[in-house]
Peer 1: 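Just passing along the structure, written as structure tokens.
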Amino acid sequence: MEPAAAGNGSSAGGQAAGGAQRWEEAKTFYDSLTPKKKPKPPKPENAITIAVSSRALFRMEEEQKIYTEQGVEAYVKYQLDHENEPFLPGAAFPFVKALEAVNTQLRELYPDSEELFDIVLMTNNHAQVGVRLINSINHHNLFIERFCMTGGNSPICYLKAYHTNLYLSSDAEKVSGAIEEGIAAATMFSPSKDVKVSENQLRVAFDGDAVLFSDESEQIVKAHGLDMFFEHEKAYENKPLAQGPLKGFLESLGKLQKKFYSKGLRLECPIRTYLVTARSAASSGARALKTLRSWGLETDEALFLAGAPKGPLLEKIHPHIFFDDQMFHVEGAKESGTIAAHVPYGVAQKHRRMVQEKQTKNSK
């Protein structure tokens, strides 16, 4: 009888162990269904706010085609019929993911600080489309809590109310409107080929003139040529250039970088900035660097190309975003597989519009 009793005890123990294992498996399963607790978003006045349009964040070419060819009602119906199908990542997606990666590290170092990036989805979509956008954001595990859906109206008038530091869109007209309102903005373009970007370090590349700096020097190039430009830059080497539309964003990045530096993490800083300029170092580079110094700013790297194409160099940097005011540099960046953003500011835009108007006139 004793062996039998021992056998029953062993069986009961096995059942208990099996039950515990099944419980753990069930708990793991249900935990995976439970939404993870998201961090509290920072107050807008303390954050660096990046407003991103839905067409910059996600691939919406098919939907845009329906809107253009069939109208808004067909567009909204299509979105409702497909609201459980998440959008694919768009041009601004890697940049947004990199911002969130920086936030994660900042929260670990400074748990109580609200000096963080805050992403706002800024779109003229109708509210009915909001469910698909929310589903897409949750599917891709993005932390975007603030939306502005304007139902067909331009969202530009809301940018200041949202404390926007940078506005990214695929709509050049809206970007120009934001620039005119004094808000840093750029039109996003997808690269012509896939490119890998860092998942651990945000990399931002800036052109100099008409992006970080004013277009003062470019005006001289357009009006008087390169020789006069070199003479001018030498004569005014110690006079800082006026600020351009993206100076404030570089300043914001610099403030966050210093939070890592103060923890002894300069070499491991998850933010890296680049000046990528067509200027020549010897002939006109000093004024650019001295201007940044006068502002109390710096970039981690300064690359003077003396008029050479920027694409091959950008291909080595792999930035999450590259800002330039000249479309031919943006096109070159795209061809090299770089996520590029056009800043419609300065004399280059007037020249570009004149060329476009001339081409239109000649085609009639």
Side-chain angles (χ1 to χ4, degrees), residues 35-60 63 76 79 83 86-87 89-107 110-171 174-175 177-179 181-188 202 204 246 248-249 251-253 255-256 271 320-321 341:
K36 299 292 185 291
K37 185 179 178 181
K38 292 185 176 181
K40 184 180 177 182
K43 292 185 179 69
E45 60 269 23
N46 298 328
I48 299 167
T49 300
I50 313 297
V52 185
S53 76
S54 56
R55 287 201 291 136
L57 184 60
F58 297 120
R59 296 281 302 271
M60 298 179 68
E63 289 78 5
V76 171
Q79 297 282 29
E83 68 180 18
F87 292 113
F93 188 93
F95 177 63
V96 169
K97 289 292 283 185
L99 297 177
E100 295 189 346
V102 172
N103 276 355
T104 298
Q105 295 191 51
L106 283 168
R107 286 191 172 100
Y110 301 93
D112 299 322
S113 176
E114 289 195 327
E115 287 186 273
L116 302 161
F117 294 112
D118 188 24
I119 296 95
V120 176
L121 188 69
M122 188 73 60
T123 173
N124 62 352
N125 265 300
H126 289 257
Q128 297 97 313
V129 183
V131 173
R132 190 177 185 193
L133 289 169
I134 291 168
N135 288 342
S136 299
I137 284 166
N138 289 333
H139 172 80
H140 293 291
N141 197 30
L142 296 174
F143 182 55
I144 302 177
E145 297 291 353
R146 295 202 290 154
F147 278 38
C148 179
M149 292 179 284
T150 61
N153 293 328
S154 173
I156 300 306
C157 62
Y158 293 100
L159 290 173
K160 288 185 178 178
Y162 274 83
H163 296 265
T164 302
N165 297 93
L166 175 66
Y167 172 55
L168 300 175
S169 174
S170 59
D171 188 321
K174 291 186 179 68
V175 167
I179 291 279
E181 290 291 319
I183 296 166
T187 309
M188 297 293 298
L202 169 65
V204 184
L246 270 293
F249 182 55
E251 189 172 20
S252 297
L253 294 176
K255 286 179 181 177
L256 293 188
I271 303 172
H320 292 88
I321 192 166

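Starting from 1, each residue takes its place in the sequence as its number.
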Peer 1: Rounded to the nearest 0.5 Å, what separation is found between the CD1 atom of I144 and the CG atom of L99?
Peer 2: 9.5 Å
Peer 1: Is any side-chain heavy atom of F95 less than 4.5 Å from a side-chain heavy atom of L202?
Peer 2: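 Yes, side chains in contact.
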Peer 1: Using a 3.5 Å distance criterion without hydrogens, assess whether the side chain of D118 forms a donor-acceptor pair with backbone atoms of P44.
Peer 2: no
Peer 1: Which distance, rounded to the nearest 0.5 Å, do you find between the NE2 of H163 and the NZ of K43?
Peer 2: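 Going from NE2 on H163 over to NZ on K43, the span is 12.0 Å.
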Peer 1: To the nearest 0.5 Å, how far apart are CD in E181 and NZ in K160?
Peer 2: 5.0 Å
Peer 1: To the nearest 0.5 angstrom, please state how far the CD1 atom of I137 sits from the CZ atom of F147.
Peer 2: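 If we round to the nearest 0.5 Å, I137:CD1 and F147:CZ are 3.5 Å apart.
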Peer 1: Give a yes or no on whether the backbone of S53 and the side-chain of S169 come within a donor-acceptor separation of less than 3.5 Å.
Peer 2: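 Side chain of S169 to backbone of S53, a donor-acceptor pair under 3.5 Å: no, none is there.
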Peer 1: Aromatic rings F58 and F93: how do their planes relate, parallel, tilted or perpendicular, breaks at 30° and 60°?
Peer 2: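 Judged by the thresholds at 30° and 60°, the geometry between F58 and F93 is tilted.
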Peer 1: Tell me whether the count of non-hydrogen atoms from other residues, nucleotides or ligands lying under 6.0 Å of CZ in R146 goes above 12.
Peer 2: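 Yes, because the 6.0 Å sphere around CZ of R146 holds more than 12 heavy atoms from other groups.
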Peer 1: In Å and rounded to the nearest 0.5 Å, what is the NZ to CG distance from K174 to N124?
Peer 2: 4.0 Å
Peer 1: Is there side-chain contact between I119 and E100, with heavy atoms separated by less than 4.5 Å?
Peer 2: yes
Peer 1: Find out whether Y158 and T164 are in side-chain contact, i.e. whether some heavy atom of one side chain is under 4.5 Å from a heavy atom of the other.
Peer 2: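 Contact flag for Y158/T164 side chains = no.
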Peer 1: Got a second to check how far E145's CD is from L121's CG, nearest 0.5 Å?
Peer 2: 12.0 Å
Peer 1: If you define the side chain from C-beta out and look only at heavy atoms, does anything of Q79 sit under 4.5 Å from E63?
Peer 2: yes
Peer 1: Does the N165 side chain pair with the main chain of F249, one donor and one acceptor, at a distance under 3.5 Å?
Peer 2: no
